[in-house]
Amino acid sequence: MNKDKQVLEYGVIDEAVNFVRRTMGSIAWLDGARRVQKKAYPIEAIREAIVNAVMHREYSREGTDIEVSVYEDRMEVISPGGLPNGVTIDKIKEEVVRVPRNETLKNILRDYDYGEHLGMGIRNKIIKSMIDHGSSPPEFVDEYDRFKVCLRSALTAILKPMLNQSWKANCPA
């Protein structure tokens, strides 16, 4: 493997994905005799949100960075710059949208296997993997100077009924 390719392959995108992997919660429970474990978010949605932030951010905005934040109930990926002209949240959810800000960067990320560049990552990777994981659909916020992807933790939906059941069993009225 080319040394330059190896440096990029284990660079900022991988570090950001690994950061979320290390900091996101997980739960485990017994289902009969088997132990079941669930992570807060599917890795595919995390990876796609981060790759999209790197690929589509507005690099002309100096002094701004991509932000990846993990909270108790959600994670957020914020990319400098809103959606490009003509692109809307409804379009990226429903259609194929291919509007890269930087064609060279798009090609580099494709060459290093970070993206397929089919214009369907939000619909086919982020939304689908979140729903398949048992999470609520992701939220997208387009503002003039930033674009935010919010992924809600699947653990909240799982824990709430479990905690209610436990509370009722341990604290009868």
Side-chain angles (χ1 to χ4, degrees), residues 8-9 11-27 38-103 105-110 112-160:
L8 182 62
E9 283 183 2
V12 68
I13 292 172
D14 298 292
E15 288 301 318
V17 171
N18 287 334
F19 162 76
V20 176
R21 189 188 315 249
R22 285 189 317 270
T23 57
M24 74 171 153
S26 68
I27 60 170
K38 185 154 191 110
K39 298 278 188 184
Y41 315 98
I43 293 298
E44 186 174 35
I46 295 165
R47 181 194 163 282
E48 186 69 16
I50 292 170
V51 168
N52 282 351
V54 171
M55 185 181 303
H56 299 297
R57 75 159 282 175
E58 191 174 316
Y59 283 94
S60 64
R61 296 183 166 277
E62 292 186 30
T64 59
D65 294 312
I66 294 168
E67 299 173 34
V68 178
S69 304
V70 180
Y71 301 96
E72 187 175 306
D73 64 336
R74 71 192 185 288
M75 71 162 284
E76 296 177 353
V77 179
I78 300 174
S79 179
L83 291 172
N85 290 340
V87 178
T88 66
I89 290 173
D90 288 337
K91 282 184 180 179
I92 62 175
K93 286 177 166 180
E94 305 294 329
E95 303 172 18
V96 173
V97 178
R98 294 184 189 129
V99 185
R101 288 188 202 273
N102 183 322
E103 193 72 32
L105 179 59
K106 177 194 81 154
N107 292 333
I108 290 169
L109 290 172
R110 182 199 60 227
Y112 284 87
D113 300 322
Y114 284 105
E116 295 79 32
H117 307 288
L118 301 173
M120 299 181 293
I122 286 184
R123 185 179 74 211
N124 291 351
K125 292 186 178 179
I126 298 176
I127 295 172
K128 183 177 181 330
S129 67
M130 287 294 288
I131 291 170
D132 290 350
H133 190 70
S135 303
S136 59
E139 299 161 31
F140 304 100
V141 179
D142 179 31
E143 297 173 346
Y144 168 75
D145 61 343
R146 67 188 197 152
F147 182 76
K148 177 169 67 172
V149 177
C150 179
L151 307 178
R152 298 281 173 189
S153 172
L155 304 185
T156 304
I158 294 168
L159 283 175
K160 194 180 277 187

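All residue numbers refer to positions in the sequence shown, counting from 1.
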Distance (rounded to the nearest 0.5 Å) between [X] [atom1] and [Y] [atom2]:
{"X": "I13", "Y": "Y112", "atom1": "CD1", "atom2": "OH", "value": "11.5 Å"}
{"X": "D142", "Y": "D90", "atom1": "CG", "atom2": "CG", "value": "11.0 Å"}
{"X": "S69", "Y": "E76", "atom1": "OG", "atom2": "CD", "value": "6.0 Å"}
{"X": "S153", "Y": "M130", "atom1": "OG", "atom2": "CE", "value": "8.0 Å"}
{"X": "K39", "Y": "S135", "atom1": "NZ", "atom2": "OG", "value": "13.5 Å"}
{"X": "I78", "Y": "K148", "atom1": "CD1", "atom2": "NZ", "value": "5.5 Å"}

With a 4.5 Å heavy-atom cut-off, do [X] and [Y] have their side chains touching?
{"X": "I43", "Y": "R21", "result": "yes"}
{"X": "V87", "Y": "F147", "result": "no"}
{"X": "L105", "Y": "Y59", "result": "yes"}
{"X": "I46", "Y": "F19", "result": "no"}
{"X": "P80", "Y": "D145", "result": "no"}

Ignoring hydrogens and geometry, is there a side-chain-to-backbone donor-acceptor pair from K93 to I127 under 3.5 Å? no
Looking at E94, is its backbone amide N or carbonyl O close enough to the side chain of R123 to form a donor-acceptor pair, meaning the two atoms are under 3.5 Å apart? yes
Exercise: identify the closest heavy-atom pair between [X] and [Y]:
{"X": "V77", "Y": "A53", "result": "CG1-CB, 3.7 Å"}
{"X": "L155", "Y": "S26", "result": "CD1-N, 3.6 Å"}
{"X": "S129", "Y": "A45", "result": "OG-CB, 3.3 Å"}
{"X": "M75", "Y": "Y41", "result": "N-OH, 3.2 Å"}
{"X": "R74", "Y": "C150", "result": "CD-SG, 3.7 Å"}
{"X": "L83", "Y": "I89", "result": "CD1-N, 3.8 Å"}

Between E58 and R101, is the salt bridge (charged side-chain N to carboxylate O under 4.0 Å, His left out) condition met? List the steps. CA-CA 7 Å; E58 191 174 316; R101 288 188 202 273; 3.6 Å; yes
Only one of S136, P138, P42 forms a side chain to side chain contact (heavy atoms under 4.5 Å, CB included) with L151, so which one is it? P138
Quick one: which residue pairs count as a side chain to side chain donor-acceptor pair (under 3.5 Å) with a foot in residues 44-57, not counting sequence neighbours? R57-T64
